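Because the structure is predicted, anything quoted here is derived from the model rather than measured.
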Amino acid sequence: MNSQNPRPDQMYAQMLAAARQALLSRPPEAIARDAAVGYDPHARAFSVPTLGETVLIAYPDCAFSPPLTDWHRLVTLHYLSNARGALPDGEWIAMGSLRDGLVRGAKFDREAGARIGALLGRRTPAEAMAALRALGGTPAAGAADLSAALPFLPRYPLMLNLWFADDEFDGSARLLVNRGAAPCLSVEDAVTVGEIVIARLTEAVSRL
């Protein structure tokens, strides 16, 4: 195979190796402080809350316990490298409004709104909130029929606004990122985060 066109699994392995190398370039205590996660110097492991669970990430080999999906693992390592003390500022924006998000971010916004609306829009408010709570979600003030804060990572929260279906309209939704936290991840990572949330919501709904 032409080395200029690696397979998807090779591309992922290269990205994971780069993310791990970036993490090793900084002291773990500084990473923990800037990313607002725990670090145990005796166990040599970070303690990272994400979507309602806490994972341990060994340092320096970056083994996850319990394991996460490949892309969840990658964006978590990117977050640890890039957080640099960024703080949420209370302003929520669509992914299309992110830096360099005009194409991929806007496309995700359109598709995700319909997908989440189809997933939750005909559920009862209690059922929809139960699915969100399975991801660590909590009710939040918003202009939608139901709004919830989702703690993807400590300095990278999301907001989900959901409008339920009625006799005239299908359900719809908007998954928003926090403007102050946006520098923690690239737009590509932000879209990946959105896909992870949708996959986890799908699993939660299947258990209702």
Does any non-hydrogen side-chain atom of V193 lie less than 4.5 Å from one of V177? no

Is there a side-chain contact between N178 and W92, using heavy atoms and a 4.5 Å cut-off? yes

Measuring from L23:CG to Y79:OH, what's the distance to the nearest 0.5 Å? 12.5 Å

Do H78 and L74 come within less than 4.5 Å of each other through their side chains, counting heavy atoms only? yes

Can K107 and E111 be counted as an ion pair, charged N to O under 4.0 angstrom? yes

Do you know which two heavy atoms are closest between M159 and A149, and how far apart they sit? SD-N, 4.2 Å

Considering non-hydrogen atoms only, spot the tightest contact between L98 and A182 and give its length. CD2-CB, 3.6 Å

Kindly say whether M95 contributes a backbone atom to a donor-acceptor pair with the side chain of D109 at under 3.5 angstrom? yes

Any side-chain heavy atom of S47 sitting closer than 4.5 Å to one from D40? no

Nearest heavy-atom contact between A130 and L208 is CB-CD2, 3.9 Å

Between Q21 and P60, is any pair of side-chain heavy atoms under 4.5 Å apart? no

Mind checking whether V191 and L176 sit in one hydrophobic cluster, side chains of I, L, V, M, F, W, Y counted as touching below 4.5 Å? no

Between OH of Y156 and CG of D189, what distance do you get to the nearest 0.5 Å? 8.0 Å

With sequence neighbours excluded, tell me which residues meet side-chain contact (heavy atoms from CB on, under 4.5 Å) with L102. none

Taking every non-hydrogen atom, the tightest pair across S147 and G142: OG-CA, 3.4 Å

So, do Y39 and R33 sit near enough that their side-chain heavy atoms are less than 4.5 Å apart? no

Atom CZ of R123 with >12 non-hydrogen neighbours under 6.0 angstrom: yes

Within the distance-only criterion (no hydrogens, no angle test), does the side chain of R155 pair as donor or acceptor with the backbone N or O of D34 below 3.5 angstrom? yes

Measure the CG-CE distance between L77 and M15 for me, rounded to the nearest 0.5 Å. 12.0 Å

Look at the side-chain heavy atoms of Ile, Leu, Val, Met, Phe, Trp and Tyr, link any pair under 4.5 Å apart, and say whether L56 and L51 land in one connected group. no

Do other residues, nucleotides or ligands put more than 12 heavy atoms under 6.0 Å from the CZ atom of R26? yes

Compare all side-chain heavy atoms of V197 with those of L160 and state whether any distance is below 4.5 angstrom. no

Counting only N and O atoms by type, is there a donor-acceptor contact under 3.5 Å from the side chain of T54 to the main-chain atoms of V48? no

Check for me, please, whether I93 and F108 land in the same ILVMFWY cluster - side-chain distances under 4.5 Å, paths through other members count. yes

Give a yes or no on whether the backbone of S81 and the side-chain of R84 come within a donor-acceptor separation of less than 3.5 Å. yes

same_hphob_cluster(L132, W163) at 4.5 Å side-chain heavy-atom cutoff: no

Enter the distance from T76:OG1 to L153:CG here, rounded to the nearest 0.5 Å. 5.0 Å

d(L80 CG, F46 CZ) to nearest 0.5 Å is 6.0 Å

Taking side chain as C-beta onward, heavy atoms only, is V55 less than 4.5 Å from P66? yes

Measuring from atom OG1 of T192 to atom NE2 of H72, what distance do you get when rounded to the nearest 0.5 angstrom? 11.0 Å

Can you see which heavy atom on S172 is nearest to which on L162, and at what distance? O-CD1, 3.4 Å

Please find the pair of heavy atoms, one from F64 and one from R73, that lie closest to each other, and give the distance. CE1-CG, 3.1 Å

